[in-house]
Participant: 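Please find one structure pasted underneath; my questions will follow.
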Amino acid sequence: MGLTLYNDLTRTKEPFVPLNEGRVTFYSCGPTVYDYFHIGNARPFIVFDVLRRYMEFKGLQVDFVQNFTDIDDKMINRANREGITVDQLADRFIAEYYRDADALGVKRPTHSPKATEHMAEIISLIQRLVEKGHAYNVDGDVYFDVESFPSYGVLAKQSLDELQSGARIEIDERKRHPLDFALWKARKEGEPSWPSPWGEGRPGWHIECSAMSMKYLGDTIDIHSGGTDLTFPHHENEVAQAEAATGKKFVRYWIHNGYLLIDKEKMSKSLGNFLTARAALEQYPAKAIRHFMLSAHYRSPLNFSEDSLRQSLGAVERLENCLLDLDHARNHRKRVDGTPGSDHESVFRSYEDRFTAAMDDDFNTAAALGVVYEAVRTVNNYLKERSDLEESFLPPADRFFGMVETVMGIPGRVEEDGTDDSRIRDLIAERDAARKSRDFKRADAIRDELSAMGVVLEDTPDGVKWRRK
RNA sequence: GGCGGCAUAGCCAAGUGGUAAGGCAGAGGACUGCAAAUCCUUUAUCCCCAGUUCGAAUCUGGGUGCCGCCUCCA
C-alpha cells in the first residue's frame, strides 16, 4: 500500500506519486531568523521531519529544502533594536535555530538556502514576471499583478472578489489591485539593499521561496509544506509567481499542519502566548516533545499544555523502559531455540504492517503510535512470562522498534552525560552484596546515593537494572 | 461578509456504516525486603435535534459551542 496525502490544492486525500520515481522533491517553509522559535513553530519542523524520515524509510530519496528568511521587516526592526546588522542577527539566530532543532532530533535538510544569498535568482525571477506582463514597477517597487493570473486564489479557494471583501488591508493607491503584492521593495533609508534593474532595494515577502524552490528542486516540485496560516497569502502568492513565470505547475502536493494552541488560542509571537522551544527543552526532553507532536494528526489543531507534555513524557518512558528491558534480557538471559509454533516474525510483521498502513494514511502518526504501544505490551508480556529468551524473538522485535526509532526519532538515543559508569557499577555491586546479607539499611543508603547521582535502580529476576533519570 | 477546521472517557487522542485504538491519570489485584518497572481487571448513552439505513461516532439536514484564515505569523 502506498502513501496517501491530503492535498490542500484539491482538498482531498490523494495517492502520493512522486514526479520522478524513487525521488521526492520537498520544500518546507523555514524560519525567519530574528528570534528563537517557539514550540508552535516547532510543530512543522518535527512533523515534516517525520514525514521526510518516513519517505526515506520507504526507500525514497528525499531532496528536502528548508529555507532561512534572513531579510524582511522583522529582521530589520530587530537588528536596529539590538544595534547590530541584519547579517549579524541572521548568523546568530541561524546558529540558535540549529541548536534547538538539533536538540529536538530534527534531521538537517538537504539544503538550507538563505534569501540574501539568492538575490540573482530572485531578481531574475522578478524580471521574467515583468517581461511577461505579470508585474509592474512603480517608483522602484515591483508588484505582482494578480489580475494577470486568472487562477489566483486556487489555494484559498476564493475568487479575487471574495478575497477582497472584508479584507482590512490599507489600500495603496499605486497598486492596480488591492491584492497585488510586492516582489521588490525600493530601498528605504537605513535598510540593507541590493542593486536591481529597478534600483536599490530588497525582495518582497514571498518571492524567495519560489526562487529557491525552483533553483534547488526544479520548476515543479512534489511537496511544499508549512503551517496552515501560510496557505494564504504566502503560498497562494508563491504559486502565482512561479506559475506565471514558468507556465508550469509549481507544486503537486500542498500540505499544511494545524496550529499548536495554548488555552484554545493559536500560539503566536504577536499574541505573546508562546513558549520557546528552548524553554520547553529545559523542562522536558526532546523525546517527550516529539511524542507530543506526533500524538495528534498533523492537520488537527493540537492543544499545548504542561500536562500534555507530562503525559507524553510518561508514554515515551514506557516505550523506553520496554526497550531497556529488552536490552537487559538480551545481555543477561539465557538464549534458547525458538519454541515451535510461536511465530514472532509474523507477530511483529503484523505490527509493522499496521504501523506503515497508519503512516500511509495521510501520515497518521497518532494511529501509528497506537500500534507501537501494542507492540510494547507484547514485549513486556513476553519478558514477564518467561525467564529465557528465544533466539527468534530479538530480530523481529529489533526490526520493529528500529523502524519506530528511524521514522519517529523516539525514544531517541540516550545522551551521554559523561559520568563514569564504573563508579555506578561498583556501587550497585556493593548494594547487591548488602542485600544478599540482608543489610537493607546499607542497601537503601546506596540506592539513595545513586538516586542523587541521577541513577534509578530496578531489582528484577534477571538482576539489577539501572538507568539514568 | 467569504473560506475553512474542530466537538469521542477525569485529561490527551485515533477511528468516515457493523455496537468505540493507544497513552496519561485513578481504583482494585499480582509480583516485591523496600522501591521501581511490569502484568491483569476496571472507567465512554461518541455536543444537541431530526432524517437516511437492517445497522451511524461515522452519511444528510438543522442547531449549539469553540477555533482559524482573508493583515506579519508554522
Participant: Under 4.0 Å between any heavy atoms, over every strand shown, what does A:Tyr259 touch: base, sugar-phosphate, or nothing? Just pick one.
Facilitator: base
Participant: Is there a donor in the side chain of A:His177 and an acceptor in the side chain of A:Tyr152, or the other way round, less than 3.5 Å apart?
Facilitator: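 No, A:Tyr152 and A:His177 have no side-chain donor paired with an acceptor closer than 3.5 Å.
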Participant: Given B:C34, B:A74, B:G22, which nucleotide is nearest the side-chain atoms of A:Asp459?
Facilitator: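 From the listed options, B:C34 comes nearest.
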Participant: Distance between the P atoms of B:A44 and B:U60, in whole angstroms?
Facilitator: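 The answer is 29 Å between these two P atoms.
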Participant: Please pick, from B:G33, B:G22, B:A74, the nucleotide with the shortest atom-to-atom distance to any side-chain atom of A:Glu374.
Facilitator: B:G22
Participant: Taking atom C1' of B:A14 as reference, at what distance in whole Å does atom CE of A:Met293 sit?
Facilitator: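 It works out to 19 Å between those atoms.
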Participant: When rounded to the nearest Å, what value does the distance between C1' atoms of B:C11 and B:U19 take?
Facilitator: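 About 25 Å, rounded to a whole number of Å.
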Participant: According to salt bridge (Lys or Arg N to Asp or Glu O under 4.0 Å), does anything in residues 142-151 of chain A pair up with another residue at least two apart or in another chain? List the pairs.
Facilitator: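 Sorted result for residues 142-151 of chain A: A:Asp145-A:Arg176.
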Participant: Quick one: A:Tyr351 OH to B:G22 P, roughly how many Å, whole number?
Facilitator: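 Going from A:Tyr351 (OH) to B:G22 (P), I get 10 Å.
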Participant: Taking any strand in view, what nucleotide pairs with B:U53 in a Watson-Crick or G-U wobble way, both distances under 3.5 Å?
Facilitator: none
Participant: Assign A:Lys74 to base, sugar-phosphate, or nothing according to its heavy-atom contacts below 4.0 angstrom with the strands shown.
Facilitator: sugar-phosphate
Participant: Are the side chain of A:Arg330 and the backbone N or O of A:Leu394 linked by a donor-acceptor pair below 3.5 Å?
Facilitator: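 Side chain of A:Arg330 to backbone of A:Leu394, a donor-acceptor pair under 3.5 Å: no, none is there.
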Participant: When both hydrogen-bonding distances must be under 3.5 Å and the geometry is Watson-Crick or G-U wobble, what is B:G28 paired with, if anything?
Facilitator: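 B:G28 is paired with B:C40.
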Participant: Kindly say if A:Arg447 contacts the phosphate of B:C34, meaning a side-chain N or O under 4.0 Å from OP1 or OP2.
Facilitator: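 A:Arg447 to B:C34 OP1/OP2: no side-chain N or O under 4.0 Å.
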Participant: With nearest nucleotides of RNA chain B determined for A:His234 and A:Arg354 from heavy-atom distances, which residue corresponds to the more 5′ nucleotide?
Facilitator: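 Upstream on the strand: A:Arg354.
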Participant: When you compare B:G23 with B:U43, how far apart are their C1' atoms, in angstrom units rounded to a whole number?
Facilitator: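 Each nucleotide's C1' atom is 15 Å from the other's.
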Participant: Regarding A:Leu457, tell me which of base, sugar-phosphate or nothing describes its non-hydrogen contacts under 4.0 Å with the strands shown.
Facilitator: base
Participant: In chain order, what residues pass the ring-ring contact (aromatic ring centres under 6.0 Å, His included) check against A:Phe16, with sequence neighbours excluded?
Facilitator: A:Tyr253
Participant: What contact category does A:Ser159 fall into here, base, sugar-phosphate, or nothing, at under 4.0 angstrom with non-hydrogen atoms?
Facilitator: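 Nothing, no heavy atom under 4.0 Å.
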Participant: Just checking A:Gly40: base, sugar-phosphate only, or nothing, at a heavy-atom cut-off of under 4.0 Å?
Facilitator: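 Since a base atom lies under 4.0 Å of A:Gly40, the category is base.
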Participant: Could you tell me how far B:U53 sits from B:A14 if I compare only their P atoms? Round to whole Å.
Facilitator: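 The answer is 32 Å between these two P atoms.
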Participant: What does B:A7 pair with, Watson-Crick or G-U, if both distances are under 3.5 Å?
Facilitator: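 Check on B:A7: paired to B:U64, both distances under 3.5 Å.
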Participant: Assuming nearest nucleotide by heavy-atom distance, tell me which of A:Ser305 and A:Gln311 is located more 5' along RNA chain B.
Facilitator: A:Ser305
Participant: When the P atoms of B:A13 and B:C24 are considered, how many whole Å apart are they?
Facilitator: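 These two P atoms come out 15 Å apart once rounded.
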Participant: Counting only side-chain heavy atoms from C-beta out, which of B:C67, B:G5, B:A37 sits nearest to A:Pro301?
Facilitator: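 Looking only at side-chain atoms, A:Pro301 lies closest to B:G5.
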Participant: Output the single nucleotide from B:G15, B:G68, B:G33 whose closest atom is nearest the side chain of A:Asn364.
Facilitator: B:G15
Participant: Given B:C40, B:C70, B:A74, identify the nucleotide with an atom nearest to the side chain of A:His38.
Facilitator: B:A74
Participant: How would you label the contact of A:Leu260 with the nucleic acid (heavy atoms, under 4.0 Å): base, sugar-phosphate, or nothing?
Facilitator: base
Participant: Considering the options A:Arg278, A:Arg78, A:Arg92, which one meets the salt bridge (charged side-chain N to carboxylate O under 4.0 Å, His left out) requirement together with A:Asp35?
Facilitator: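 With A:Asp35 as partner, A:Arg278, A:Arg78, A:Arg92 yield a single salt bridge (charged side-chain N to carboxylate O under 4.0 Å, His left out), made by A:Arg78.
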Participant: Strictly by salt bridge (Lys or Arg N to Asp or Glu O under 4.0 Å), give each pair with a member in residues 225-242 of chain A just once, sequence neighbours left out.
Facilitator: A:Asp229-A:Lys266
Participant: On the nucleotide B:A25, are OP1 or OP2 found under 4.0 Å from the side-chain N or O atoms that A:Arg310 carries?
Facilitator: no
Participant: Cut-off 3.5 Å, side chains only: do A:Thr110 and A:Tyr216 have a donor facing an acceptor?
Facilitator: no
Participant: Mind listing the residues from residues 428-437 of chain A sitting with a heavy atom below 4.0 Å of RNA chain B? Number order is fine.
Facilitator: A:Arg431, A:Arg435
Participant: Using the P atom in both, what is the distance from B:C54 to B:C3, to the nearest Å?
Facilitator: 35 Å
Participant: Residues in side-chain contact (heavy atoms from CB on, under 4.5 Å) with A:Val138, at least two apart?
Facilitator: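 A:Val138 satisfies side-chain contact (heavy atoms from CB on, under 4.5 Å) with A:Tyr136, A:Tyr143, A:Arg174 only.
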Participant: Ignoring backbone atoms, establish whether A:Asn380 has a side-chain N or O less than 4.0 Å from OP1 or OP2 of B:C39.
Facilitator: yes
Participant: Taking atom C1' in both B:G68 and B:U58, compute the distance separating them and give it to the nearest angstrom.
Facilitator: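 Rounded to whole Å, the distance is 25 Å.
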Participant: If we call it a pair only when both distances are under 3.5 Å in a Watson-Crick or G-U wobble match, what pairs with B:G1?
Facilitator: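 Its partner is B:C70 (Watson-Crick or G-U wobble, both distances under 3.5 Å).
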Participant: Going by side-chain hydrogen bond (donor to acceptor under 3.5 Å, both in side chains), A:Arg252 matches just one of A:Asp222, A:Thr25, A:Asn7. Which one?
Facilitator: A:Asp222
Participant: Go through B:A14, B:U38, B:G22 for me and flag the one nearest to the A:Asn321 side chain.
Facilitator: B:U38
Participant: Checking contacts here: which listed nucleotide (B:A74, B:C3, B:C39) is nearest the side-chain heavy atoms of A:Lys266?
Facilitator: B:A74
Participant: Given B:A36, B:G2, B:C39, identify the nucleotide with an atom nearest to the side chain of A:Lys384.
Facilitator: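 Nearest to the side chain of A:Lys384 among the choices is B:C39.
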Participant: For A:Asp448 and B:A36, give me the distance from atom CG to atom P, rounded to whole Å.
Facilitator: 13 Å
Participant: Does a distance-only test, which skips hydrogens and angles, find a donor-acceptor pair under 3.5 Å between the side chain of A:Asp444 and the base of B:G33?
Facilitator: yes
Participant: Are any of A:Ser308's side-chain N or O atoms less than 4.0 Å away from OP1 or OP2 of B:A13?
Facilitator: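 The answer is no; no side-chain N or O of A:Ser308 sits under 4.0 Å from OP1 or OP2.
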Participant: Quick one: label A:Ala366 by what it contacts on the DNA or RNA (base, sugar-phosphate, nothing), any heavy atom closer than 4.0 Å.
Facilitator: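 Touches a base.
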Participant: Select base, sugar-phosphate, or nothing to describe what A:Asn41 touches, counting heavy atoms under 4.0 Å on all strands.
Facilitator: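 Base contact.
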Participant: Does the A:Asp49 side chain pair with the main chain of A:Lys107, one donor and one acceptor, at a distance under 3.5 Å?
Facilitator: yes
Participant: What is the nucleic acid contact for A:Asp307, judged by heavy atoms within less than 4.0 Å: base, sugar-phosphate only, or nothing?
Facilitator: sugar-phosphate
Participant: Provide the distance between the two C1' atoms, one in B:A57 and one in B:A21, to the nearest whole Å.
Facilitator: 14 Å
Participant: Consider the side chain of A:Ser295, meaning its heavy atoms from C-beta on, and name the nucleotide among B:U38, B:C69, B:C12 that approaches it most closely.
Facilitator: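 From the listed options, B:C12 comes nearest.
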Participant: Scan every strand shown for a Watson-Crick or G-U wobble partner of B:C46, both distances under 3.5 Å, and answer none if you come up empty.
Facilitator: none
Participant: Remember a base hit wins even if backbone is also touched, and classify A:His291 as base, sugar-phosphate or nothing at under 4.0 Å, heavy atoms.
Facilitator: nothing
Participant: Before we go on, tell me: are the rings of A:Phe68 and A:Tyr98 under 6.0 Å apart, centre to centre?
Facilitator: yes
Participant: Applying a 4.0 Å non-hydrogen cut-off, can you work out what A:Asn257 is touching in the nucleic acid: base, sugar-phosphate, or nothing?
Facilitator: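 Since a base atom lies under 4.0 Å of A:Asn257, the category is base.
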Participant: Using the side-chain heavy atoms of A:Arg318, tell me which of these nucleotides is nearest: B:C70, B:C34, B:G23.
Facilitator: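 The answer is B:G23, which lies nearest to the side chain.
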Participant: Output the rounded distance in Å from CG (A:Asp35) to C1' (B:C72).
Facilitator: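 Nearest whole value for this atom pair: 14 Å.
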Participant: Tell me, which pairs form a salt bridge (Lys or Arg N to Asp or Glu O under 4.0 Å) where one or both residues lie in residues 308-318 of chain A, sequence neighbours left out?
Facilitator: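 Sorted pair list: A:Asp307-A:Arg310.
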Participant: Would A:Phe440 count as stacked on B:G33 if the rule is ring centres under 5.5 Å and plane angle under 30°?
Facilitator: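 Base of B:G33: stacked against A:Phe440.
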